[in-house]
Amino acid sequence: MQEELKNITDEDKRFMQMAIQLSVDNVDNGGGPFGAVIVKDGEVVATGANRVVPNNDPTAHAEVTAIRNACAKLGTFMLDGCTVYTSCEPCPMCLSALYWARVKRICYANTKADAAAIEFDDSFIYDQLDLPYEKRAIKCDHFMRNDALVAFKKWATKTDKTRY
């Protein structure tokens with residue numbers, strides 16, 4: 001499907017090749033086979049590679065690492081106007097992070113099926129999200145809501161808050 005798209009530019013291909021090369025190089029550097037490049041106005045803002053195992057951090061996926069690097073460089077938590085080029089279709093965590101960062105476009109090379117074929121299968125997470133809480137693999141206990149609502153009420157009435 002991706003190869004059939006007519007709106008993919010030579011610049012898109014160049015940035016995607018960078019993400020792919022990051023993923024290839026990262027395998028040789030002890031990380032997983034994933035790389036990401038964040039671009040704004042035709043310029044690379046930041047890159048990231050999967051460092052889950054080397055960093056002992058299950059959130060250190062390529063896209064999340066690139067988001068952290070881009071936000072630090074730009075001094076903002078919003079990446080509006082940015083395009084993310086990633087060597088693989090984002091997992092549920094990374095996709096959520098990209099939505100929270102408000103990127104304008106996500107381009108990917110490998111698919112989630114390609115990732116599943118090498119034992120990076122996210123279907124379990126998607127399946128879990130569709131289940132009622134009581135049927136999920138991780139037990140979820142809900143309690144002390146009224147106590148926790150104090151912070152939400154305080155936030156709701158705060159006049160100098162930064163919305164995100």
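Predicted model only: the values in this text are computed from it and were never measured. Both backbone and side-chain heavy atoms feed into the values below; hydrogens, waters and symmetry mates do not.
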Open item on the list: Quick one: does any side-chain atom of Ser87 pair with a main-chain N or O of Gly35 as donor and acceptor, under 3.5 Å?
Closed with: yes
Task: Spacing of Thr76 atom OG1 and Met78 atom CE [to the nearest 0.5 Å] - done: 6.5 Å
- [ ] Quick one: pull up OG1 in Thr83 and NZ in Lys40 and give me the separation to the nearest 0.5 Å.
- [x] 10.5 Å
Open item on the list: If hydrophobic clusters are built from ILVMFWY residues whose side chains come within less than 4.5 Å, do Tyr85 and Val44 share one?
Closed with: yes
TODO: With Arg51 as reference, evaluate Asn26, Asn29, Asn56, Asp57 under the side-chain hydrogen bond (donor to acceptor under 3.5 Å, both in side chains) test and give the passing residue.
DONE: Asn26
Open item on the list: Testing the basics here: between Ala66 and Ala46, what is the closest heavy-atom pair and its distance to 0.1 Å?
Closed with: O-CB, 3.8 Å
TODO: State the CG-CD distance between Asp122 and Gln128, to the nearest 0.5 angstrom.
DONE: 12.5 Å
Task: Where Asp141 and Lys139 come nearest, the two heavy atoms and their spacing - done: OD1-CE, 3.2 Å
Task: Member of Cys94, Pro90, Cys82 meeting the side chain to side chain contact (heavy atoms under 4.5 Å, CB included) criterion with Ile106 - done: Pro90
TODO: Would you mind reporting whether Asp12 and Arg105 have side-chain heavy atoms less than 4.5 Å apart?
DONE: yes
Open item on the list: Taking Arg102's backbone N and O only, do any of them form a donor-acceptor pair with Asp80's side chain (distance below 3.5 Å, no angle check)?
Closed with: no
Open item on the list: Could you tell me if the side chain of Cys88 sits less than 4.5 Å from the side chain of Asp114, heavy atoms only?
Closed with: no
- [ ] Could you state whether Phe15 and Ile38 fall into the same hydrophobic cluster, counting links through intermediate Ile, Leu, Val, Met, Phe, Trp or Tyr residues with side-chain heavy atoms under 4.5 angstrom apart?
- [x] no
Open item on the list: So Thr59 and Arg68, do their side chains get closer than 4.5 Å, heavy atoms only?
Closed with: yes
Task: Connected via hydrophobic side-chain network under 4.5 Å: Leu79 and Val84 - done: yes
Task: Note, Leu131 side chain near Asp127 side chain (heavy atom, < 4.5 Å) - done: no
Open item on the list: Tell me whether Lys161 at atom NZ has more than 12 heavy atoms from other residues, nucleotides or ligands lying less than 6.0 Å away.
Closed with: yes
Open item on the list: Determine whether a donor-acceptor pair (N or O, by modelled atom type, separation under 3.5 Å) exists between the side chain of Glu63 and the backbone of Ala97.
Closed with: no
- [ ] Give me the ring orientation class for Phe120 and Phe34: parallel if the planes are under 30° apart, tilted from 30 to 60°, perpendicular past 60°.
- [x] perpendicular
TODO: Evaluate whether atom OH of Tyr99 has more than 12 neighbouring non-hydrogen atoms of other residues, nucleotides or ligands under 6.0 angstrom away.
DONE: no
TODO: Check the angle between the aromatic planes of Phe77 and Tyr164 and answer parallel, tilted or perpendicular using the 30° and 60° thresholds.
DONE: perpendicular
Task: Leu98-Met93 co-clustered via ILVMFWY side chain contacts under 4.5 Å - done: no
Open item on the list: When you group the ILVMFWY residues by side-chain heavy-atom contacts below 4.5 Å and let the links chain together, are Val27 and Leu22 in the same group?
Closed with: no
Open item on the list: If you compare all heavy atoms of Ala109 against all heavy atoms of Ile20, which two are closest, and at what distance to 0.1 Å?
Closed with: CB-CD1, 4.2 Å
TODO: Can you measure from CD (Gln21) to OG1 (Thr47) and round to the nearest 0.5 angstrom?
DONE: 12.5 Å
Open item on the list: Around atom CD of Glu134, are there more than 12 heavy atoms from other residues, nucleotides or ligands closer than 6.0 Å?
Closed with: yes
Open item on the list: I want to check something: taking the side chain as every heavy atom from C-beta on, are Cys91 and Ile125 in contact at a cut-off of under 4.5 Å?
Closed with: no
